[in-house]
Undergrad: 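Below is a structure I'd like to ask you about.
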Amino acid sequence: MPAVRETIDQVHEIDVDKYKYGFFTDIESEKAPKGLSEDIVRFISAKKEEPEWMLEWRLEAYQRWRTMREPSWAKVAYPKIDFEDLYYYAAPKSTPAPKSLDEVDPELLATYEKLGIPLKEQEVLAGVEGARVAVDAVFDSVSVVTTFREELAKHGIIFCSMSEAVREHPELVRKYLGSVVPTSDNFYATLNSAVFSDGSFVYIPPGVRCPMELSTYFRINERNTGQFERTLLIADKGSYVSYLEGCTAPMRDENQLHAAVVELVAHEDAEIKYSTVQNWYPGDKNGVGGIYNFVTKRGDCRGDNSKISWTQVETGSAITWKYPSCILRGDNSRGEFYSIAISNGHQQVDSGTKMIHLGKNTSSRIISKGIAAGVSENTYRGLVSAHGKATNARNFTQCDSLLIGDRCGAHTVPYIEAKNSSTVFEHEATTSKISDDQMFYCMQRGLSEEEAVALIVNGFVRDVLQHLPMEFMVESQKLIGISLEGSVG
Amino acid sequence: MSVEVRVVQTAAEEAVPGQFEAVAGTLPGSPEIQAERRAALARFQSEGLPHRRVEEWKYTDLRRVLGAMPPPVQPTGAPIGPETLAELDAWKIVIVDGAITCWPEALADEGVSVTRLTDALAGADGAGLLEGWQAEARSSILDLNTAFMATGVVIAVPDGVHLAKPIHVATVTTVPEAAAVTLRHAVRVGANASATVIESYEGPDDVSYLVNTTNKVAVGRDSTLTWVKIQRDGTAATHLSTATIDVDQGARLTCAPITIGAALSRNQFAIAFDGEHADVNVTGVQMLGGRQHGDTTLFVDHALPNGASRELFKSVLDGRARGVFQGKIVVRQDAQKVDGRMMAQSLMLSDQAEADSKPELEIYADDVQCGHGSTSGRIDEDLLFYLRARGIPEVTAKALLIEAFIGEAVEAIGNEAIAEALSSLAHDWVVQHAGGGASNGGADA
């Protein structure tokens, strides 16, 4: 919350030019040939100077992946992906970076403007030559990270990149990596295990309440984590952490396929709050291009009285395939899932959650708001299950869908499995459109049609928005309006 | 043809072709029908029994559960009346072990035509029984039925006919050892007509017989059909049922599947709206105990505007029973102003019971009101306390609460005589099970 504001201020205070040299690595020139083989996996591992056990772990995943088939159960349609036609390590830039903002797609700039992104930052986001260095200096500089590190280190918190963690904290990585999402989990998670490029590693020691909101935004070299991101977050006994991922600014990326894995471990009495805002390139008006976002996110409430809460705002990507889940293993543990999924144009979203109740007296809550516009497809797919020994499991699920226009689809596919009589599961779902009365009321008061839609939709998703950290919430409100542009009239 | 090669066939799957050849000569129907039977058999052989990898059969893995495929029944034709709804004043058709033993000749006087399946298949519209099945009703179980269908009733209520008494098609099984009864019925209600059709199933406990029954139902313009299906097969039996139902403009359909019997049962309904302003009410009840597995899968397809559908589904589960409810409402792009509501509720009386529910919505039209709800839990302690505080013994109090829970669905059927008969069936079941539930509830604390 205020911590982030503070951080940004701190960063701005630092004289940027001082850090012009010495930390900008030219990663773009390092690239592996297209296709995937054992050699590529070895190459990636060698580039990252990984120990032998890590390489073996990757190779095992690779062998397994070779035997697996792409899942086809999700309600999304896309041309078959040729996995041999992809770069698996630091994809090279195929076009030279634009020299100034004049060369950048005006549509993209217009969006930045609406989001209220400062000019300098716009240059960075658009990848203008030269701008990068400055912003690397602002956000990715060694010294800034050091400032953070010092603050975090005071509390014993480890927050670094995954590759660094593999080198410096191998005992923690070995203990936890793959313990929530095993290498055999699913097609994309297995692929990720074999070739993951980088990601974040967070460890909160027992009893520590993390003093600031952690965000990928402030981690070094964040821009190059690539398409196979791997995040591992461990909250030890009695600790608390809030983690932000992504950003509201539209992201253009040349890698069409993104298959990230996020693993959360909450020990006894620990609490993890994980918020995501995803606004990757959704493709153009005709549905050409756009990111395929196939993500595996899972949290393990391993200890008693632990709590994991997922909040997500999904507005980007051509295809989203994402089910942040909670395994409620510890007694009295709690899982939460708050989601806003907006699809417009030709986007296809198949997202939801899994709440797996294993411990006694566990509870979970799911609030999902899907908004479909244009010719998009928006599916909620969720599982709530209580095992035989999970006595007094409790779940409340509410999934509401809003349709804007008569050419889109909104679907709800819940699986509810109660395996003992003491469980109390409640599920409700509704599908409706914005009522003419609501529109009339808003427009009569001078709002344009688009403003009225944005206002009503923001009201519709309020239950979820309020679970986002403050500044994310404000940005997300604007983002919702922008995502739905062109859906009316 | 690209057929997926199945490495291992289960014993049940392997037995089917031999069983078919053994009876092929005796199965009714014209040469075209016989060809259809062979085609269906070929489809069954390539697909095999439905298994959990088939999404619609996720919770009912027939491949694993159906250990053996009983041979087709040898009709004995013993003149036995049904126990189910024996007192009900109705036009009765009784099928004992696959042979029709009671036939309501006088129905013709009411203007209603009833035909035996054997006659229908030999006639010109025999092929009509095989055509027009909705995709969601198709499965290898339907193919198996097409291959072996031997007995059934085709009921046609002409335009403008209002049938005062219900038609009761009772299927009674008496076989001493495992056998398969394959039935195919059809019900057609013309325009501006009304009828009530009851299907009931019963048989001996401890005999692992199989009933595979299908029904093709059509409700004509502005007509009303109440269709009740009471399944009380024996505790070792397998009951597989498939129905495809078309509802025309302005028609009203009440459909009530009641599941009490069978070790393993699957009720699959596909309901399609063929006209606007039609109204569909589905009220299901499932009462299971022991190790029973009951699955009701419902598919409602709103293809046209201004339709309304209400689904209310209640399960009471005792012992190690597993109740499955899968319901899907599809609203297609043109189907504006549709009102769809689905509710599935499970009441669990024992700690080992399992309730699986999958209520789906697939919506493509924007001006609609659709919703679904699903709940599962045990008897509300507060309600129980309220009753006990008023001097009602625990077992009686529980029975009262269970009956009230089911009552909501039974009353929605809207026919007093049937509701009364069903209530008494429910009461018998509850008396048998509420006691067990009480001891379990105590053990839990």
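Here is how names work: the chains are called A, B, and so on, in the same order as the sequence lines, proteins then strands, and each is numbered from 1.
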Undergrad: What part of A/Arg381 lies closer than 4.5 angstrom to a heavy atom of chain B: side chain, backbone, both or neither?
TA: neither
Undergrad: Out of curiosity, B/Glu354 CD to A/Ser421 OG, how far, rounded to the nearest 0.5 Å?
TA: 12.5 Å
Undergrad: So, taking the atom named CD in B/Glu360 and the one named OG1 in A/Thr379, what distance separates them when rounded to the nearest 0.5 Å?
TA: 9.5 Å
Undergrad: Distance from B/Arg341 atom CZ to A/Thr430 atom OG1, nearest 0.5 Å?
TA: 8.5 Å
Undergrad: For the residue pair B/Leu361 and A/Ala429, what are the closest heavy atoms and their distance?
TA: CD1-CB, 4.4 Å
Undergrad: Which distance, rounded to the nearest 0.5 Å, do you find between the NZ of A/Lys419 and the OG of B/Ser376?
TA: 11.0 Å
Undergrad: Looking only at non-hydrogen atoms, find the nearest pair between B/Arg378 and A/Asn392 and report the distance.
TA: NH2-OD1, 3.7 Å
Undergrad: Tell me the residues of residues 265-280 of chain B whose non-hydrogen atoms fall below 4.5 Å from those of chain A, in number order.
TA: none
Undergrad: With a 4.5 angstrom heavy-atom cut-off, is it the side chain or the backbone of A/Glu377 that approaches chain B, or both, or neither?
TA: side chain
Undergrad: Please flag which part of B/Lys328 lies under 4.5 Å from any non-hydrogen atom of chain A: side chain, backbone, both or neither.
TA: neither
Undergrad: Once rounded to the nearest 0.5 Å, what's the spacing between atom OG of B/Ser374 and atom CD of A/Glu428?
TA: 11.0 Å
Undergrad: Dump the intermediate steps for side-chain contact (heavy atoms from CB on, under 4.5 Å) on B/Lys358 and A/Val413, then the final yes or no.
TA: CA-CA 7 Å; B/Lys358 194 177 127 196; A/Val413 191; 4.3 Å; yes
Undergrad: Considering only heavy atoms and a distance below 4.5 Å, find which of B/Ala353, B/Ser357, B/Gly377, B/Gly373 pairs most often with chain A.
TA: B/Ser357
Undergrad: When only heavy atoms count and the cut-off is under 4.5 Å, which of residues 296-315 of chain B reach chain A?
TA: none
Undergrad: Tabulate below the donor-acceptor pairs under 3.5 Å that side-chain atoms of residues 333-341 of chain A make, not counting sequence neighbours, or state none.
TA:
residue  : atom : partner  : partner atom : Å
A/Ser333 : OG   : A/Gly330 : O            : 2.8
A/Arg334 : NE   : A/Glu336 : OE2          : 2.9
A/Arg334 : NH1  : A/Ser363 : OG           : 3.0
A/Arg334 : NH2  : A/Glu336 : OE2          : 3.3
A/Glu336 : OE1  : A/Ser309 : OG           : 3.4
A/Glu336 : OE1  : A/Tyr338 : OH           : 3.4
A/Tyr338 : OH   : A/Arg365 : NE           : 3.4
A/Ser339 : OG   : A/Gln312 : NE2          : 3.0

Undergrad: Please report the shortest heavy-atom distance between B/Asp356 and A/Ala418, naming the atom on each side.
TA: OD1-N, 4.2 Å
Undergrad: Which pairs with one or both residues in residues 333-378 of chain B pass ring pair (Phe, Tyr, Trp, His ring centres under 6.0 Å), sequence neighbours excluded?
TA: A/His411-B/Tyr364, A/His427-B/His372
Undergrad: Return the minimal non-hydrogen interatomic distance between A/Ser422 and B/Asp351, and the atom names on each side.
TA: N-OD1, 4.2 Å
Undergrad: Of the backbone (N, CA, C, O) and the side chain (C-beta and beyond), which part of B/Gln345 lies under 4.5 Å from a heavy atom of chain A, both, or neither?
TA: neither
